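For reference, the structure is listed below as structure tokens.
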Amino acid sequence: MPELPEVETTVRGLARYLDGARLARVTLHRGDLRRPFPEGLVQNLTGAEVTGLGRRAKYGLIHTNRGQTMVFHLGMSGRWRIEPNEIGKHDHLVIETGSGHQFSLCDPRRFGSVDLIDTATLDLWPTFAALGPEPLGADFSPAHLKTALTGRSAAIKLMLLDQRIVAGLGNIYVCEALFRAGIDPRKAAGQVTRPALGRLVPAIKEVLAEAIEAGGSSLRDYAQPDGQLGYFSKRFDVYDRAGQPCTRCAAPIQRIVQGGRSTWSCAKCQK
DNA sequence: CACGATACCTGTAAGC
DNA sequence: TGCTTACAGGTATCGT
């Protein structure tokens, strides 16, 4: 669920209710996700007013009028439920606004995280300082990739998952972008040619933009407590399509394992 | 430092 | 039906 487009869609969905709202009640139902919730989280958020929302890489940002930003990461299985009918065992953090809307941060695998960071120095927060450029930003260019990947022997697939190279891609969109760009995911990153990088950058930007747009048209899904995302999944060319015909050449899609994770690709279309 | 392997945690689906 | 295994959208950390 949560790669950059899903986080962006989540943030937009939350903003409709949270932007300008007062956080009337904040409740923790357990003390930790991947890490403990920050000291004083409930106290610092309760009564605060939300001054805006945003996103950096796969992190969602909720800014408050107390000079702090709640930074959330959804890990593998996290999502925000809007107006949940009931609070389940994986609803770890619950927020109620002054106007009576309720939200819960639900994360069964608990690979997610929540931090409370001073807004003024958010970019200096070590976690953010280490991130590469936003893939949808102007900084993310073939020239950037060339610089970042020169001399690297690791597979291009794995380098694109490295958030220090470019921040926000995950397994799905890396597979999809490499297919669109016609690049073999096993290729050493430093060996990817300049023309191929010239195809890769727009392929990444396009697949992300399409996924955000598809999510954006289905924001009301966030009002359904058990609603799954997956609007964009109908459009996957390779992800989770092992053995099925390539959308371009009809050859069977291959599944391999890289870095312990699945990669899907077309052996004929990706060289 | 670069790189690969492993750990973290829970749920689900497939296989026997 | 029950048990076991493989796998899942991510990231931090530990060897080599």
Side-chain angles (χ1 to χ4, degrees), chain A residues 1-11 29-37 55-60 71-81 88-92 105-115 125-132 135 147-178 185-191 204 207-208 210-212 214-215 218 221-222 226-243 255-264:
Chain A
M1 194 167 359
E3 297 182 36
L4 184 154
E6 291 73 27
V7 178
E8 179 66 29
T9 303
T10 294
V11 165
H29 289 218
R30 69 170 290 152
D32 63 308
L33 292 176
R34 163 180 290 283
R35 292 175 278 114
F37 285 109
R55 179 193 58 74
R56 173 76 172 104
K58 301 174 194 172
Y59 295 84
V71 181
F72 66 86
H73 193 292
L74 297 174
M76 292 277 260
S77 59
R79 66 191 174 106
W80 279 96
R81 302 170 71 204
K89 68 174 185 175
H90 299 305
D91 293 302
H92 308 302
L105 180 59
C106 174
D107 185 1
R109 291 179 73 179
R110 296 179 29 242
F111 286 172
S113 62
V114 171
D115 291 283
W125 184 39
T127 300
F128 279 9
L131 294 173
T147 303
L149 300 179
T150 294
R152 304 299 295 269
S153 62
I156 181 69
K157 154 82 186 306
L158 296 175
M159 287 286 94
L160 293 176
L161 286 175
D162 186 335
Q163 304 295 298
R164 294 169 297 189
I165 305 288
V166 54
L169 299 180
N171 207 26
I172 293 175
Y173 297 106
V174 166
C175 290
E176 293 295 314
L178 286 170
R186 295 165 300 183
K187 192 157 206 177
Q191 301 303 310
I204 288 169
V207 74
L208 293 177
E210 286 175 30
I212 290 170
S218 303
D221 285 6
Y222 283 86
D226 298 312
Q228 291 295 309
L229 302 183
Y231 359 94
F232 190 74
S233 64
K234 297 187 185 78
R235 290 204 229 151
F236 292 157
D237 286 309
V238 291
Y239 182 83
D240 200 24
R241 292 195 63 239
R255 173 184 176 274
I256 62 172
V257 175
Q258 293 180 287
R261 309 186 67 195
S262 297
T263 301
W264 291 268

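In what follows, every chain begins at residue 1, and chains take the letters A, B, ... in the order their sequences are listed. A quick note: this is a predicted structure, and the numbers were derived from the prediction, not measured.
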TODO: For A:D240 and C:dA6, give me the distance from atom CG to atom P, rounded to whole Å.
DONE: 18 Å
- [ ] Supply the atom-to-atom distance A:L158 CG to A:R186 CZ, rounded to the nearest 0.5 angstrom.
- [x] 12.5 Å
Task: Partner residues of A:D91 under the salt bridge (Lys or Arg N to Asp or Glu O under 4.0 Å) criterion, sequence neighbours left out - done: A:R81
Open item on the list: If a pair means Watson-Crick or G-U wobble with both distances below 3.5 Å, what does DNA chain C look like in dot-bracket form, with | marking bases paired to a different strand?
Closed with: .|||||||.|||||||
Task: Under the ring-ring contact (aromatic ring centres under 6.0 Å, His included) test, residues paired with A:H90 that sit two or more places apart - done: none
Open item on the list: Let's see if you can work this out: which of C:dA8, C:dA12, C:dG10 has an atom nearest to the side-chain heavy atoms of A:Y59?
Closed with: C:dA12
Open item on the list: Please identify the 5'-most and 3'-most nucleotides of DNA chain B with any atom under 4.0 angstrom from a heavy atom of chain A.
Closed with: B:dA2 to B:dG11
Open item on the list: Could you report the tightest heavy-atom contact between A:P135 and A:I204, atom names first, then the distance?
Closed with: CB-CG2, 4.0 Å
Task: Atom-to-atom span, CZ of A:R56 to C1' of C:dG10 - whole angstrom - done: 16 Å
Task: Residues which pass ring-ring contact (aromatic ring centres under 6.0 Å, His included) with A:F37, listed by chain and number, not counting sequence neighbours - done: none
Open item on the list: List the residues meeting ring-ring contact (aromatic ring centres under 6.0 Å, His included) with A:F111, not counting sequence neighbours, and say none if there are none.
Closed with: none
Open item on the list: Can you tell me whether the side chain of A:R261 and the base of C:dA8 have a donor-acceptor pair closer than 3.5 Å?
Closed with: no
Task: For A:Q258, side-chain hydrogen bond (donor to acceptor under 3.5 Å, both in side chains) partners two or more places apart - done: A:T263
TODO: Please list residues of residues 161-170 of chain A whose heavy atoms come under 4.0 Å from any atom in DNA chain C, ordered by number; otherwise none.
DONE: A:Q163, A:G170
- [ ] Please list, chain by chain and in numerical order, all residues satisfying ring-ring contact (aromatic ring centres under 6.0 Å, His included) with A:Y59, sequence neighbours excluded.
- [x] A:H73, A:F128
TODO: Using whole Å, report how far CZ of A:R79 lies from C1' of C:dG10.
DONE: 18 Å
Task: Atom-pair distance (CD on A:Q258; P on C:dA8), nearest Å - done: 13 Å
Task: salt bridge (Lys or Arg N to Asp or Glu O under 4.0 Å) pairs, two or more places apart, involving residues 151-163 of chain A - done: A:D162-A:R164
Task: Whole angstrom value for the distance that separates C1' of C:dA12 from CG of A:D115 - done: 14 Å
- [ ] Tell me, please, which residues at least two apart from A:R261 pass salt bridge (Lys or Arg N to Asp or Glu O under 4.0 Å).
- [x] none
Open item on the list: Once salt bridge (Lys or Arg N to Asp or Glu O under 4.0 Å) is applied, do any residues pair with A:R34, and if so which ones, sequence neighbours excluded?
Closed with: none
- [ ] In whole angstrom, give the distance that lies between atom CZ of A:F111 and atom P of C:dA8.
- [x] 13 Å
- [ ] Would you kindly give the CD1-to-C1' distance between A:I172 and C:dC7, to the nearest whole Å?
- [x] 14 Å
Task: Atom-pair distance (CZ on A:R110; C1' on C:dA12), nearest Å - done: 16 Å
